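Here is the structure we will look at, set down as structure tokens.
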Number of protein chains: 2
Amino acid sequence: MPVKRRIKARKQPLQQRSRETVAVILEAAARVLEARGLEGFNTNAVAERGGISVGSVYQYFPNKDALTLALIARFEDALLAKVRDAVAASEGKSLTASLNLIIRAQLEAHAERAGLNRILETEEDRLRPASSGTSAAGELKDLVAALLARHRREIARPIDDDAIEDLIVISRAMVDHALQQDLSQAAASRRVLRAMEGYLFGPRRDL
Amino acid sequence: MPVKRRIKARKQPLQQRSRETVAVILEAAARVLEARGLEGFNTNAVAERGGISVGSVYQYFPNKDALTLALIARFEDALLAKVRDAVAASEGKSLTASLNLIIRAQLEAHAERAGLNRILETEEDRLRPASSGTSAAGELKDLVAALLARHRREIARPIDDDAIEDLIVISRAMVDHALQQDLSQAAASRRVLRAMEGYLFGPRRDL
DNA sequence: CCATAATGTGAGTAATTGCTCATATTCCAC
DNA sequence: GTGGAATATGAGCAATTACTCACATTATGG
């Protein structure tokens, strides 16, 4: 390892050619992670897989972790896009149907390239400097809040910021778990829905 | 790294002296992880911190991962012991009170040496060969099942194995999250309880 | 076309580190 | 005691790997 760790990339991709190189690097990195796991994930392997030279990797990524972080951001963007669509599509639908849509969105986002995404989630813990809220995390909260706001009157309890956070934590954990266990999407949906609705409506105090 | 990876330790600790050495190694490993994180966690550092030689580490642990796994097992044992106590202490208490006790148990287990435990949980993902149920995981399920069985009649829904699993996943994720956010134990308890009770009782279908 | 900027190359370096093994020390059974 | 087993030592090996840099190639603007 080098003595001093570079913080910024040497170059920003300006021309079309270099933008393509960046894409190639990212995809190669993803494939290496899928094929060889974290253990076999090294920058030389990425370069080889991408059919380019290591030097090129370091033109656009200051260090290996930056490359991993770029993959994480890419995954988060894809997830967010799906959730955004789900929230849009749920307009006019019932609360249960709406929740089901965002649950499906999350399941789908994780399911494609499941192996890769699982590794990326693991790395996220290591790489994110202690609870730094990403903008992605912020938007996810906003999206869920917007969806719930549409059903305010059906929900007995107040939906504050903490509740939104909890719902996200719960669904994320359950989605991860479902993927690990290779649950069918139907089964996974049902169980996550149960948890979310339960959290929203709380125990029956009327028994 | 060596070409061939040793699977079993060279020696089992037989005498009192070596049993103490093993304890010293484990504690030194824990302290290195706490002080320098995963990045600074190497066997030479562990040996130095423990005031022993690297060779001794490899007498009782076949490789570095085995050492980490031993720390994980140690944490799981401590957690399990606390939960066991909580389940025992909850006898005769209400369901809510009982749930609160096991939630507190989990929070406490994580809270002491929080930094260390957080790292260990991260490593667990990497080290456990794809969803191999530990005996610890099994016993935790049994304990929760036993507790819930005492309140069968209060719970409308059937409590099958999947439900227990979900409850554990939910509480674990929320406890982790609470620790990360430095929530007070009271606030954390309240939120986890809400999630668990919600899951158990489900949404009010009677609205 | 030409000067200059952008991009690409890959052999090599420097550092890290998991782990071994020949040897020394301590313990215990008899 | 004494011999053998258990335990401890730590210098150093072997392998890995993130990253650099001097140089080549390609694109672009004037």
Side-chain angles (χ1 to χ4, degrees), chain A residues 1-29 32-33 36-71 123 126-127, chain B residues 1-29 32-33 36-71 123 126-127:
Chain A
M1 266 204 280
V3 182
K4 259 199 144 182
R5 174 175 245 226
R6 205 181 279 273
I7 296 285
K8 300 178 64 171
R10 290 169 194 278
K11 302 279 172 75
Q12 291 305 307
L14 299 178
Q15 305 176 357
Q16 179 61 20
R17 183 166 53 131
S18 54
R19 258 173 268 128
E20 263 159 27
T21 300
V22 169
V24 164
I25 293 168
L26 282 176
E27 189 48 34
V32 169
L33 275 173
R36 306 199 217 165
L38 254 186
E39 195 186 314
F41 178 55
N42 63 69
T43 51
N44 292 317
V46 169
E48 190 182 7
R49 181 102 213 188
I52 55 171
S53 83
V54 228
S56 289
V57 174
Y58 285 94
Q59 295 283 354
Y60 306 106
F61 298 94
N63 54 59
K64 189 188 170 191
D65 284 345
L67 179 52
T68 312
L69 282 167
L71 282 180
E123 282 294 271
R126 190 176 64 80
L127 294 174
Chain B
M1 266 203 280
V3 182
K4 262 198 143 186
R5 175 176 246 229
R6 204 180 281 272
I7 297 283
K8 301 177 62 172
R10 290 169 193 278
K11 304 276 172 78
Q12 292 304 311
L14 300 178
Q15 305 176 358
Q16 178 62 18
R17 181 167 54 132
S18 53
R19 259 173 268 127
E20 262 160 26
T21 301
V22 170
V24 165
I25 294 169
L26 282 175
E27 189 49 34
V32 169
L33 275 173
R36 306 199 216 166
L38 255 186
E39 196 187 314
F41 178 55
N42 63 69
T43 50
N44 291 317
V46 170
E48 190 182 7
R49 180 100 215 189
I52 57 170
S53 83
V54 228
S56 290
V57 174
Y58 285 93
Q59 296 283 356
Y60 306 106
F61 298 93
N63 55 57
K64 189 188 169 191
D65 285 345
L67 179 53
T68 312
L69 282 168
L71 282 180
E123 283 294 270
R126 190 176 65 80
L127 294 174

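This one's a predicted model, so the numbers in the text were calculated from it and none came from an experiment. Chain A is the first sequence line, chain B the second, and so forth, proteins listed ahead of strands; every chain is numbered from 1.
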Donor-acceptor pair, side chain of A:Arg19 and main chain of A:Leu14, under 3.5 angstrom: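 A pair under 3.5 Å: yes.
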
Proximal nucleotide (of C:dT20, D:dA18, D:dT7) relative to the A:Asn42 side chain: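 So the nucleotide nearest the side chain must be D:dA18.
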
Nucleotide nearest B:Thr43 (side chain, heavy atoms from C-beta), chosen from C:dA6, D:dA6, C:dG18: C:dG18

In whole angstroms, how far is the [atom2] atom of [N] from the [atom1] atom of [X]?
X: B:Leu67; N: C:dC19; atom1: CG; atom2: C1'; answer: 13 Å
X: B:Lys64; N: C:dT17; atom1: NZ; atom2: P; answer: 8 Å
X: B:Glu48; N: C:dT17; atom1: CD; atom2: P; answer: 13 Å
X: B:Asp65; N: C:dG18; atom1: CG; atom2: P; answer: 10 Å
X: A:Asn63; N: C:dA15; atom1: CG; atom2: C1'; answer: 16 Å
X: B:Leu38; N: C:dT16; atom1: CG; atom2: C1'; answer: 16 Å
X: A:Tyr60; N: D:dC19; atom1: OH; atom2: P; answer: 17 Å

Have a look at [X] and say if it touches a base, only the backbone sugar-phosphate, or nothing, with a 4.0 Å heavy-atom cut-off.
X: A:Asn44; value: base
X: B:Ser56; value: base
X: B:Gln15; value: sugar-phosphate
X: B:Gln12; value: sugar-phosphate
X: A:Phe61; value: nothing

[N], OP1 or OP2 - any side-chain N/O from [X] closer than 4.0 Å?
X: B:Ser53; N: D:dA8; answer: no
X: B:Thr21; N: D:dA8; answer: yes
X: B:Tyr58; N: D:dG10; answer: no
X: A:Arg10; N: D:dT20; answer: yes
X: A:Arg17; N: D:dT25; answer: no

Inter-residue atom distance B:Lys11.NZ - B:Tyr60.OH, 0.5 Å rounding: 7.0 Å

DNA chain D: 5'-proximal contact among A:Gln59 and B:Lys11 (nearest heavy atom): B:Lys11

